[in-house]
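So the structure is just underneath, and the comments pick up after that.
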Amino acid sequence: MSERSVPNRDTTGVSVPGDEVILLDHARNPYGPCPAALEAVDMCPAFPVENLMSALRRRLSVTYGVPAAAIHLLKSADAGLDASLNAHTRPLVAFPPSTVATRIAESRVTSDIVFIARGPGRDGFIGPDSAADLPEDGVAVIGSPSDPLGSILTAADAVRLSRACRYVVIDERFAEFSGVSMAPLA
């Protein structure tokens, strides 16, 4: 069944007129920043951006226990992902269905791509058989939780991927929704 053959429904499950599918995965927050963020910005308009960036790097360094020089501030998560993936020609491993896998499939033409489908819940794990077939010099790129299924990468799966591939990139932009992060494992 294609996307277009699925009737549109609003949040109550009622069909919406028209046959256009509206995806909300990249929708902007209509409310803008929270009041506390706006107050914080208003309190320090005289600080140069470079000083604010240095302060943020220092705070992140202390919070996550990594050197401040290893923290790079980027325009967006997608910009960071694009920069890291376009820096080499190693084989890529992606895990559909996910927006990260779709982005890789649409933008990468210089690398081989290996896709390993993940399902929801317990079907979202990466088994030893799947990991054994991955390219040793590859880069595994996985979202946790995955979008749209919400599959969460377990520590065992992360270790399995790191043993099978040269590099593992974990996109945790939605980690607040799962309460699970692989940052301590890294």
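Remark: F115 CZ is packed, more than 12 non-hydrogen atoms of other residues, nucleotides or ligands lying under 6.0 Å away.
Listed here is the closest heavy atom pair of A140 and C165: CB-SG, 4.1 Å. Across all their heavy atoms, R90 and D137 have their closest contact at CD-O, 3.1 Å.
Looking at heavy atoms from C-beta onward, D171 lies out of side-chain contact with I142 at the 4.5 angstrom threshold. Within the 4.5 Å cutoff, the side chain of Y167 has no heavy atoms near those of the L161 side chain. With contacts defined as side-chain heavy-atom distances shorter than 4.5 Å, the pair V139/R166 does not qualify. Annotation: side chain of V100 is in contact with side chain of I104 (closest heavy-atom distance under 4.5 Å). Counting only heavy atoms from C-beta outward, the side chains of V114 and L92 never approach each other to under 4.5 Å. With contacts defined as side-chain heavy-atom distances shorter than 4.5 Å, the pair V180/M182 qualifies.
Distance alone, capped at 3.5 Å, places no donor-acceptor pair between the S144 side chain and the I152 backbone. Side-chain atoms of T102 come within 3.5 Å of backbone atoms of S98 as a donor-acceptor pair (strictly under, hydrogens ignored). At distances below 3.5 Å, at least one donor-acceptor pair connects side-chain atoms of R57 with backbone N or O atoms of I71. Looking at S162, its side chain does come within 3.5 Å of a backbone N or O of V159 through a donor-acceptor pair.
One side chain, T154 or D157, offers a donor N or O that lies under 3.5 Å from an acceptor on the other. With 3.5 Å as the limit, one finds a donor-acceptor pair spanning the side chains of E172 and S181.
Rounding to the nearest 0.5 Å places CG of L134 at 4.0 Å from CD1 of I116.
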